[in-house]
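Working notes for the structure below.
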Amino acid sequence: MAEETPLAHTAPWVALRATQDDWDAVPPEALRRMLTSLHLIRAFEEAVLELAGEGLVYGPAHSSIGQEGGAVGAILPLRSTDHVNGSHRGHHHFLAKALNHVSASQPLDPDAPFDGMIRHTLHGAMAEIMGLAPGFCRGRGGSMHLRWAEAGVLGTNAIVGGGVPLAAGAAWAHRHAGTQDVAVTFFGDGAMNIGSVLETMNLAAAWKLPLVFFVENNRYAVSTTVEESTAEPRLSARGPGFAIPSWRVDGMDPVAVMLAMDRALAHARAGHGPALIEAEVYRFFHQNGPLPGSAFGYRSKEEEAQWRARDPLDRVAREMTRRGLITDDEVSALRRRAMETHAGIVAELTEPDGNARRIRSTLWPDRAFRDVGVRGDLSELRGKPVLGDAPPGPLTERRFVDVVADVMTRRMEQDSRIVVLGEDVHRLKGGTNGATRGLAERFPGRVLGTPISENAFFGLAGGVAMDGRFRPVVEFMYPDFMWVAADQVFNQVGKARHMFGGDMAVPLVLRTKVAMGTGYGSQHSMDPAGIFATAPGWRIVAPSDPVDYVGLMNAALACDDPVLVLEHVDLYNRTMPAPAEMDYLLPPGRAALRRKGRRATVITYLSMVHRVLEAAEKLDADVDVIDLRWLDRASLDWDTISESVRRTNNVLLVEQGARGTSYGAWLADEMQRRLFDWLDQPIQRVTGGEASPSISKVLERAAFAGTEEVEEALTELLRHAA
């Protein structure tokens with residue numbers, strides 16, 4: 001008969017309850033600050049719901065009424081230099097952290113005035129939720145995207161679980177910078193079943209990051225109960241599975257939450273890694289708006305009444321009156337002053353409109369602000385050495401991939417902020433292709449081999465970039481893996497600068513290789529340029545030779561925007577002229593004219609530059625060949641493109657990959673809008689087929705474009721050219 005031995009988790013999992021002695025041990029000034037924060041947040045949320053009922057909050061108003069105790073109890077022990085981020089229901093996280101921050105210079109007390117930075121905080125948050133220019137994100141974030149870096153608020157997030165990997169990045173930055181600061185990420189019961197959350201828990205535990213996972217279990221993901229969503233509704237049970245110590249606590253009891261946070265912080269600050277707190281809380285209203293959940297039939301009025309009887313504001317007030325720290329009249333006065341403060345703020349943001357009120361028109365963002373901050377202004381590149389028309393000094397024949405490794409070595413020597421992370425980048429003599437050769441040995445602690453969890457490690461890199469102290473370089477082994485991490489790539493990193501007001505830097509480089517023609521099939525072979533070119537926020541470079549690679553990678557590493565660096569396996573082992581000089585830049589707006597002619601303009605990038613030149617040479621074609629180098633909308637060299645097209649009057653766009661995700665599709669549209677009057681015939685295109693490449697060598701070759709397809713298209717184009 002088989003022997004069975006019970007197993008135990010290596011990390012503790014405990015339920016924590018605050019006793020009367022615990023309440024009595026809390027210093028009076030802490031309770032006064034706690035009660036004041038609770039009332040300011042409650043009155044703020046009530047004002048938001050009132051405005052939403054009048055149609056003055058455009059979009060959602062995810063109220064946190066009922067859940068304030070968990071946020072205030074958790075954030076009270078934090079420093080200003082600790083970071084927090086939160087979910088779409090994040091007003092209370094933002095305000096608790098922001099008020100905690102300003103309390104260092106201004107009393108946060110029932111008897112103190114709510115002016116100065118306290119009022120500034122409340123005013124900026126209210127304006128943001130109303131979508132107005134005085135808001136913390138200049139009206140772009142609204143209810144779900146609140147950020148104030150100075151106060152340690154990384155930003156709340158509309159994607160369920162989307163902010164969790166970003167908080168891991170802040171935690172990594174804290175540890176790597178040698179501080180004892182922590183990051184706390186707030187999310188709900190629904191997010192606990194999201195892959196990015198679980199991936200991040202694993203990564204944070206493996207790397208012992210000072211990160212506290214704080215799950216607000218309010219029992220409902222919109223209307224679906226936690227029991228319907230998971231077989232283990234005690235969500236803190238997830239922690240020990242990743243060797244993360246976990247506490248389960250009554251979130252309606254702010255002191256119990258504070259005690260749990262004290263323990264979690266002690267664990268994280270001591271360098272032992274992450275901790276998890278599950279706070280059982282309850283939102284008094286529906287997912288969005290001023291109606292209770294019972295109005296929608298998914299919970300009863302009796303259930304709601306039972307939870308309302310546990311209101312954290314009442315609990316704190318009772319304990320304080322019992323200790324003689326405040327009177328009932330003083331509590332009522334605090335409540336009244338909090339409501340009056342918010343009424344005054346709302347009055348500043350609105351004006352009468354008959355029997356109703358409307359938003360003051362002078363407070364709306366200017367329409368001209370629409371695209372400002374999608375990317376930066378590149379001022380960070382000014383004054384750096386730029387590659388001229390001549391090669392940078394003597395050139396020697398070298399393998400392309402060796403130059404890839406050398407330029408990264410040079411930059412890491414010169415800039416201690418640069419860190420590299422990805423799957424196997426620290427092993428195999430430079431990853432799977434040798435592109436990170438020698439880096440792990442030269443720069444210990446700065447080359448991080450990751451678990452296979454693109455959502456987690458790319459999101460972590462995004463959080464590192466947004467923190468601002470370091471410059472992450474991420475390697476995706478294959479570009480198809482961007483779909484695995486699509487939320488972090490596009491919703492988070494790509495949108496962050498614009499979404500949070502337009503003036504934050506996101507200095508991140510994503511390296512990946514196009515691997516068509518290697519037999520790796522449909523899920524390892526794509527060219528992602530067309531996808532990234534249509535995604536706001538990203539810059540894209542596509543080097544075709546070692547000289548360009550050095551300049552383009554240097555520019556990417558100096559840029560304060562996220563930059564996709566495309567490489568191609570066809571080029572890795574190709575020997576080409578390479579520079580000894582490693583410190584010049586090829587900035588945006590600098591395409592290269594590789595061949596000059598009069599009858600057509602052929603535009604391409606990456607390895608297809610060589611195929612186009614080969615085809616043009618074979619046909620003795622009288623054509624311009626333009627190597628784009630920079631592919632994103634903001635970085636294209638329209639001067640070079642326009643000059644050529646106005647001279648040749650015919651255009652062929654050449655790329656290797658599938659037609660459906662084509663880069664040339666949007667470029668052809670843009671060129672016809674700009675240059676239609678100079679075209680003698682429609683823009684022609686060379687692409688692969690509709691399907692992704694297959695494993696079969698014959699079908700794979702049929703799926704992508706090569707030299708033969710370029711020759712055929714070029715012959716046809718010139719046949720119709722004047």
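Counting begins at 1 with the first residue of the sequence. Being a predicted model, the structure only gives us computed values, none of them experimental.
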Is the charged tip of Arg511 near the ring of Phe458: under 6.0 Å from the six-membered ring centre and within 45° of its axis? no
Carboxylate-amine/guanidinium contact [X] [Y], below 4.0 Å:
{"X": "Asp189", "Y": "Arg219", "result": "no"}
{"X": "Arg590", "Y": "Asp637", "result": "no"}
{"X": "Glu50", "Y": "Arg357", "result": "yes"}
{"X": "Asp181", "Y": "Arg175", "result": "no"}
{"X": "Glu128", "Y": "Arg138", "result": "no"}
{"X": "Glu46", "Y": "Arg42", "result": "no"}

Give the ring-plane orientation class for [X] versus [Y], where under 30° counts as parallel, over 60° as perpendicular and anything between as tilted.
{"X": "Phe490", "Y": "Phe532", "value": "tilted"}
{"X": "Trp172", "Y": "His176", "value": "parallel"}
{"X": "Phe94", "Y": "Phe136", "value": "perpendicular"}
{"X": "Phe213", "Y": "Phe187", "value": "perpendicular"}

Atom pair CD/CG of Gln488 and Leu460 - distance to nearest 0.5 Å: 9.5 Å
Can a donor-acceptor pair be found between the side chains of Arg539 and Ser635 at a distance below 3.5 Å? yes
Would Glu216 and His92 count as having a side-chain donor-acceptor pair, cut-off 3.5 Å?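 Checked: Glu216/His92 side chains pair up, N/O donor to acceptor below 3.5 Å.
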Tell me, which pairs form a side-chain hydrogen bond (donor to acceptor under 3.5 Å, both in side chains) where one or both residues lie in residues 141-152, sequence neighbours left out?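 Every pair satisfying side-chain hydrogen bond (donor to acceptor under 3.5 Å, both in side chains) with a residue in residues 141-152: His91-Ser143.
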Could you note down all residue pairs passing side-chain hydrogen bond (donor to acceptor under 3.5 Å, both in side chains) where residues 110-121 supplies at least one of them, sequence neighbours left out?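 The answer is Arg32-Asp111, Gln106-Asp115, Arg119-Glu348.
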For Arg360, look at atom CZ and say whether over 12 heavy atoms of other residues, nucleotides or ligands are found less than 6.0 Å away. yes
With a sphere of 6.0 Å drawn around CZ of Phe296, does it hold more than 12 non-hydrogen atoms of other residues, nucleotides or ligands?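 More than 12 heavy atoms, drawn from other residues, nucleotides or ligands, come within 6.0 Å of this atom.
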Heavy-atom pair of closest approach, residues [X] and [Y]:
{"X": "Val374", "Y": "His498", "value": "CG2-CD2, 3.6 Å"}
{"X": "Leu265", "Y": "Pro77", "value": "CD1-CB, 3.8 Å"}
{"X": "Leu631", "Y": "Ala542", "value": "CD1-CB, 3.8 Å"}
{"X": "Ala485", "Y": "Phe476", "value": "CB-CZ, 3.9 Å"}
{"X": "His286", "Y": "Arg89", "value": "O-NH1, 4.2 Å"}

